[in-house]
Q: 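Take a look at the following structure, please.
Lettering follows sequence order; numbering is per chain, from 1.
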Amino acid sequence: MTAIDDVKEEIWQWVAAIPPGKVATYGQIARLAGIPNKPRMVGTVLNHLPAGSKLPWFRVINSAGRLSSPSADRQQQHLADEGVHLLNGRINLKLYQWDA
DNA sequence: TGTTTGACGGACA
DNA sequence: CTGTCCGCCAAAC
């Protein structure tokens, strides 16, 4: 097990912990996972999730409240199902950000 | 093995 | 508001 694998697991754990109806930013997850200043790693890890993963990857958005995922389409739909809606293409973090 | 990319974020123009 | 620049670093090439 390399250090990078440990980081991946930390990220998986924290993402899995995001409550339904709430969202977290890449930077937030990075800090929680112990890798502040490396938010890109979160995106990289989520991008490599295996196709049947149960992780709520759609609850992770960028600090601007926008969806930077390649599949922002599905992501928006999943979020809407939980009551998290975009207003003018943005999510109100003040209202929906998970306060871990 | 060297270089480029990118699901980020914050500072600045 | 939009756009650029930089630090960051695993993956992809």
Q: May I have the distance from A:Tyr26 (atom OH) to B:dG9 (atom P), rounded to whole angstrom?
A: 8 Å
Q: Can you check whether A:Ser68 reaches A:Ile61 side chain to side chain, under 4.5 Å on heavy atoms?
A: no
Q: Whole-Å distance between B:dC8 C1' and A:Gln97 CD?
A: 14 Å
Q: Who are the side-chain hydrogen bond (donor to acceptor under 3.5 Å, both in side chains) partners of A:Gln77, not counting sequence neighbours?
A: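 Result, side-chain hydrogen bond (donor to acceptor under 3.5 Å, both in side chains) vs A:Gln77: none returned.
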Q: With a 4.5 Å heavy-atom cut-off, do A:Asp5 and A:Thr2 have their side chains touching?
A: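 Side chain of A:Asp5 against side chain of A:Thr2, heavy atoms only: contact under 4.5 Å found.
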Q: Examine B:dC8: is either OP1 or OP2 under 4.0 Å from a nitrogen or oxygen in the side chain of A:Ser63? Give yes or no.
A: no
Q: Can you tell me how far C1' of B:dC8 sits from CG of A:Leu67, to the nearest Å?
A: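 Computing the A:Leu67:CG to B:dC8:C1' distance gives 14 Å.
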Q: Tell me whether A:Val45 shares a hydrophobic cluster with A:Ile4, the cluster being built from Ile, Leu, Val, Met, Phe, Trp, Tyr side chains joined at under 4.5 Å.
A: no
Q: Could you tell me whether the side chain of A:Gln75 and the main chain of A:Val60 form a donor-acceptor pair under 3.5 Å?
A: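 Yes, A:Gln75 side chain to A:Val60 backbone: donor-acceptor pair under 3.5 Å.
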Q: Check this for me: does any side-chain nitrogen of one of A:Glu82 and A:Lys22 sit under 4.0 Å from a carboxylate oxygen of the other?
A: no
Q: Identify whether any heavy atom of A:Thr25 sits under 4.0 Å from a base atom; if not, whether one sits that close to sugar-phosphate; answer base, sugar-phosphate or nothing.
A: sugar-phosphate
Q: Does any part of the side chain of A:Gln97, heavy atoms only, come nearer than 4.5 Å to the side chain of A:Asn92, both counted from C-beta?
A: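 Not in contact.
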Q: Measure from CG on A:Asp5 to C1' on C:dC9 and round the result to the nearest Å.
A: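 The distance from CG of A:Asp5 to C1' of C:dC9 comes to 15 Å, rounded to the nearest Å.
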Q: Where do N or O atoms of nucleotides 5-8 of chain C meet protein N or O atoms at under 3.5 Å, pair by pair?
A:
| unit_1 | atom_1 | unit_2 | atom_2 | d |
| --- | --- | --- | --- | --- |
| C:dG7 | O6 | A:Arg40 | NH1 | 3.4 |

Q: Enumerate the protein-to-nucleotides 10-13 of chain C contacts in which both atoms are nitrogen or oxygen and the separation is below 3.5 Å.
A:
| unit_1 | atom_1 | unit_2 | atom_2 | d |
| --- | --- | --- | --- | --- |
| C:dA11 | OP1 | A:Lys8 | NZ | 3.2 |
| C:dA11 | O3' | A:His48 | NE2 | 2.9 |
| C:dA12 | OP1 | A:His48 | NE2 | 3.3 |

Q: Could you state the atom-to-atom distance from CZ of A:Arg31 to C1' of B:dG10 in whole Å?
A: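 Atom-to-atom, A:Arg31 to B:dG10, this comes out as 12 Å.
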Q: Are A:Asn47 and A:Thr44 close enough that a side-chain donor and a side-chain acceptor fall under 3.5 Å?
A: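 Judged by distance alone, the side chains do not pair up.
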Q: Could you check whether A:Asn47 gets within reach of a base, just the sugar-phosphate, or nothing at all, counting any heavy atom under 4.0 Å?
A: base
Q: Check the distance between C:dC9's P and A:Ile11's CD1 and give it to me in whole angstrom.
A: 13 Å
Q: B:dC8 C1' sits how many Å from A:Leu93 CG, rounded?
A: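 Taking atom C1' of B:dC8 as the reference, CG of A:Leu93 is at 14 Å.
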Q: Provide the distance between the two P atoms, one in C:dT4 and one in B:dT5, to the nearest whole Å.
A: 16 Å
Q: What is the distance from CZ of A:Arg59 to C1' of B:dA7, rounded to the nearest Å?
A: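 Spelled out: CZ on A:Arg59 to C1' on B:dA7 is 17 Å.
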Q: To the nearest 0.5 Å, how far apart are CD in A:Gln28 and CG in A:Asn62?
A: 12.5 Å
